[in-house]
Amino acid sequence: MTGTFGKGHHLHLIDGSAYIFRAYHALPPLTRQSDGLPVGAVAGFSSILWGEITRDKGAGAATHIAVIFDHSSKTFRNRLYAPYKANRPEPPEDLRPQFPLTREATRAFNVACIEVPDYEADDIIATLARQAVEAGGSCTIVSSDKDLMQLVRPGVDMHDPMKNRPIGPDEVMEKFGVTPDKVVDVQALAGDSTDNVPGAPGIGLKTAALLINEFGSLEDLLSRASEIKQPKRREALEQNADLIRISKQLVSLDANAPVPVTLDALEVTTPDPEKLMAFLTEMEFRSLARRVSERLKIAAPVIEARSDDSPQTAEETRLPFDHAAYEAIRDRAALDRWIARIRDVGHVAVDTETTSLDEMQAELVGISLSVDAGQAAYVPLGHKQGGGDLFGSTELVAGQLGLDETLKALKPLLEDPAILKIGQNMKYDWKIFARHGIRITPFDDTMLMSYALSAGLNNHGMDELSERHLGHQPIPIKSLLGSGKSQLTFDRVGIEDAVKYAAEDADVTLRLWQKFKPQLHRARVTTVYETLERPLVTVLANMEMAGVLVDRDTLSRMSNAFAQKLAQYEDEIQDIAGEKFNVGSPKQLGEVLFDRMGVPGGEKGKTGAYATGADVLEDITTLEDSHPKGARLAAKVLDWRQISKLKSTYTDALQLAINPETGRVHTSYSIAGANTGRLASTDPNLQNIPVRTEEGRRIREAFVAPKGKVLVSLDYSQIELRILAHMADIPALQQAFRDGLDIHAMTASEMFNVPLDQMTPEIRRRAKAINFGVIYGISGFGLARNLRIPRAEAQGFIDRYFERFPGIREYMDATVKFAKDNGFVQTLFGRKIHTPEINAKGPGAGFAKRAAINAPIQGTAADVIRRAMIRMPAAIEGLPARMLLQVHDELLFEVEESATEALIKAARDTMEQANHPVVPLKVPLVVDAGQGRNWAEAH
DNA sequence: GGAGTCACG
DNA sequence: GACGTACGTGACTCCG
């Protein structure tokens, strides 16, 4: 220890935030060798930090050191002048992950990170510099930022780390034309367009310096403005005096910011070699690691680019889960401690506890946080009295922070671009916070990381991931809530129990993130995660929150009509059968048909029940001659089933799904539900609204646009066949798509040698079935069943198809071989779909083979529309339009009538170009558009 | 809670 | 040579 900071001590202040941006733009875009993680700014930063720590003793060498970061984008200056720094662009995508890494680097070098809410880094630098000089020491500001030049004075100088040159009074004079103490006056006059500092119109740096030098100071200048000879200048000053004074306030740094550390705490210490080397090894900074190890006289680590089979690193050693270690945050001091800790670490796992799985209805009950494995806390906010009894009290349990106060305290953190928020299924929490006016950014999602890494291997729920990757079974929610009818909501759970459960969720999420983060790069799915998964979260959240307007009356009338019809069918069915039975019971129906009425051909499945599926019943309806009663009954049951389905699944259920507050239906999309990359829609499923039958299509009439608006539907034409034509590289099919031909007719013509102008619907139908069959991993049996033709004939079609388009067979064989060799298949965009059953023996192998053939095609189509959706908000920005629904190859929009054409143009263009620029296709993507007052008209 | 059925792409 | 199959989903209804 060198004692209290004072004479002979020298403080180095590194402007962290500014440096990251400068390094990012100035240095070549270095990436980590093993996986391409962008680390250029981190490398540059680490290098100057090391230089600062080790600079030779002597004049100017640091005895104390700190790195200063901006806390968040909004500061007290925005209250003075709202537009201040308001149009700063978002940081580039490949810079974002480097913010937390830079903080990590600082900690690895054992240097203090300082940031203060509501203040810019520059204010903290001003404050510490003042303190250093007042204590009798000196200070060097490591930055080239002109805004800091006002601080140069005896005892305070600057150092430009990029150009490695000092900045003293001479350099300040060179830049501003005045001495450092007059820099703010010049800046106030000249303004700054990038920061939105207004200044005086028409006066730039040169003129400003001239005027200040002439009049001595800004105040003197303003009070004697009338003496200025040039009329334009004089007017600019006279008419803008207030704006100029505000400008001066904006550019003047506050040297009395509340800095939470003492100078003594900033003393330079030797870094912990183990910790530092671990960081440098992780980053793969070879030359810096060598320099550091020489200096610290330790062995240089061998840094090799890691690969999938590299041994597990020490970071993955397991820390046991300890529920007793979790903290309950019940007062403001504890909350503030956690917020400070989170800022220090630069990332936080966040999880919300609510009263419902429906984000549109759920009430926030508590928030859990975790910053490192084992370090987690829970903030109870809405826990109420009364667990077991039917009528719980509405009184809040004592000892909880207020919801509004807590959210107000957390909002800057959750929206801070430099703090990474980590969630499991972040779309849920994002929507919960969005309903409270908080837009979480940036974030990672462990569910989506897992999906990018291992789609097809396992599901991606937290409990499953925890057991699989952490070997830990989290507390089951059922143990707190019970199940079934008497299930509690989370607000009735005792806080003690809630802390253990909720904090554990955040802990698990954080540990999963630590584990997945390096794996993404190693598995080369970072691009998939960053471009196809993560950006979809907010897009879907906004679609889900928008919802779609559904007309209850239309549905209600249809339900009533269906009810009558069903009753009538039931009478007729029981008449024919000669007995009463439950038409909805396949088991009873089978027994009536095959046992009692004697219809031939009944087949029992593995459970011993007769099969009574639509295909079976349809076959029976053809027995009019041999078994007329059976034929009539089967036909009636088919009718009954259709109506029953429409009523129960659609007209009844959709009415119940209308949100009482919004009057709209809000589905939920699972991003990681389908293995191929498709979305899945649940609660309610709006991706299977009827369309194939006339009766069913009428349900779409209940999906309407509000007054003055219309619904617009845009769907990709034949997207999977186009992708097949590209992937399997079939020139004839590609040309047909380029020529805009009827692809099924063209296929039929090629296969059956029928000229296009002599094509019959029947021949075309067969070709269409084959085209689809190919996408599904065709088999003679499947095609035979689909077309209801003998198996041998179907096989003949397939043989002819492969003969005519040999590339299809080659594609199928190559895909299956790839799956067998690698255990996964890939889409054109790099999405991996694992095929663990591909080498299995038995019937499972057939399934796996066909799934492997289908997955790249279906998955690539899914990727294409994902890309379109992700680009859509920007593409339709400014239009009075919203994207509402996705149905695999269709997007549904709601738009003000007058903007319909503009929307169609913008959205269609986005969809048709969605593959570009990364995956050029040899076929065009074509989008059909429709519009109308309801979905039936629009489709 | 699994099986059967059927709605969609 | 037999085995059973079109690919991917979700919701509803029976029924044990």
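Throughout, a chain's letter reflects where its sequence line sits, starting with A, and its residues are numbered from 1.
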Could you run through DNA chain C and flag its stems, i.e. three or more consecutive Watson-Crick or G-U pairs with both distances under 3.5 Å?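 Paired runs of 3+ in DNA chain C: B:1-9 with C:7-15.
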
Could you walk me through whether Gln361(A) and Ser356(A) pass the side chain to side chain donor-acceptor pair (under 3.5 Å) test, one step at a time? CA-CA 7 Å; Gln361(A) 313 245 354; Ser356(A) 167; over 6 Å; no

Is the centre of the Tyr801(A) ring less than 6.0 Å from the centre of the Phe797(A) ring?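 So the answer is no for these two rings.
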
So, are Glu618(A) and Arg785(A) salt-bridged, with charged N and O less than 4.0 Å apart?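 No, Glu618(A) and Arg785(A) are not salt-bridged.
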
At under 4.0 Å between heavy atoms, what does [X] touch on the DNA or RNA strands: base, sugar-phosphate, or nothing?
X: Asn786(A); result: base
X: Leu783(A); result: base
X: Thr682(A); result: sugar-phosphate
X: Glu890(A); result: nothing
X: Ala794(A); result: nothing
X: Arg697(A); result: nothing
X: Asn688(A); result: base
X: Ala614(A); result: sugar-phosphate
X: Glu720(A); result: nothing
X: Asp715(A); result: nothing
X: Gly846(A); result: nothing
X: Phe781(A); result: base
X: Arg641(A); result: sugar-phosphate
X: Ser681(A); result: sugar-phosphate

Using a 4.0 Å cut-off on heavy atoms, which residues in residues 648-660 of chain A reach DNA chain C? List them by number, or say none.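 Only Ser648(A), Thr649(A), Ala653(A) qualify.
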
Tell me which residues in residues 848-857 of chain A put a heavy atom below 4.0 Å from DNA chain C, sorted by number, or none.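 Arg850(A), Ala851(A), Asn854(A), in order of number.
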
Side chains of [Y] and [X]: any donor to acceptor distance under 3.5 Å?
X: Thr612(A); Y: Arg641(A); answer: yes
X: Gln718(A); Y: Asp889(A); answer: no
X: Thr693(A); Y: Gln642(A); answer: yes

With sequence neighbours left out, what residues match [X] under salt bridge (Lys or Arg N to Asp or Glu O under 4.0 Å)?
X: Glu810(A); result: none
X: Arg866(A); result: Glu533(A)
X: Arg552(A); result: none
X: Asp652(A); result: Lys647(A)

Could you give the distance separating dT5(B) and dA6(C) at their P atoms, to the nearest angstrom?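 It works out to 13 Å between them.
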
With rounding to the closest Å, how many angstrom separate the C1' atoms on dA2(C) and dC6(B)?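 Rounded to whole Å, the distance is 31 Å.
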
Going by the angle between their ring planes, with limits at 30° and 60°, are Tyr451(A) and His460(A) parallel, tilted or perpendicular?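 Rings of Tyr451(A) and His460(A): perpendicular, as their planes differ by over 60°.
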
Sequence neighbours left out, cut at 3.5 Å: what donor-acceptor pairs do the side chains of residues 561-569 of chain A make with other protein atoms?
unit_1	atom_1	unit_2	atom_2	d
Lys565(A)	NZ	Glu695(A)	OE2	3.1
Gln568(A)	NE2	Glu572(A)	OE2	3.1

I'd like the 5' and 3' limits of the part of DNA chain C contacted by chain A, with heavy-atom contacts below 4.0 Å.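 The protein-touched segment is dG4(C) to dG16(C).
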
How would you give the extent of chain A contacts on DNA chain B, as first and last nucleotide 5' to 3' within a 4.0 Å heavy-atom cut-off?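 So the contact region on DNA chain B extends dA3(B) to dG9(B).
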
Of Gly782(A) and Leu679(A), whose closest DNA chain C nucleotide lies nearer the 5' terminus?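 Counting from the 5' end, the first nearest nucleotide belongs to Gly782(A).
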
Asn458(A) and Leu465(A): CA distance, side-chain angles, deciding distance, side chain to side chain contact (heavy atoms under 4.5 Å, CB included) verdict: CA-CA 9 Å; Asn458(A) 51 268; Leu465(A) 295 181; 3.8 Å; yes

To the nearest 0.5 Å, what is the distance between CG (Leu633(A)) and CH2 (Trp640(A))?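 With rounding to 0.5 Å, CG (Leu633(A)) is 12.0 Å from CH2 (Trp640(A)).
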
Whether over 12 other heavy atoms sit under 6.0 Å from Glu603(A) CD: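 No - once you tally the heavy atoms of other residues, nucleotides and ligands closer than 6.0 Å, there are 12 at most.
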
Using side-chain contact (heavy atoms from CB on, under 4.5 Å) as the criterion, list what pairs up with Asn582(A), not counting sequence neighbours.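 side-chain contact (heavy atoms from CB on, under 4.5 Å) check on Asn582(A) returns Ser585(A), Gln588(A).
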
Name every donor-acceptor pair, under 3.5 Å, that has one atom in a side chain of residues 840-852 of chain A and the other anywhere in the protein, sequence neighbours excluded.
none

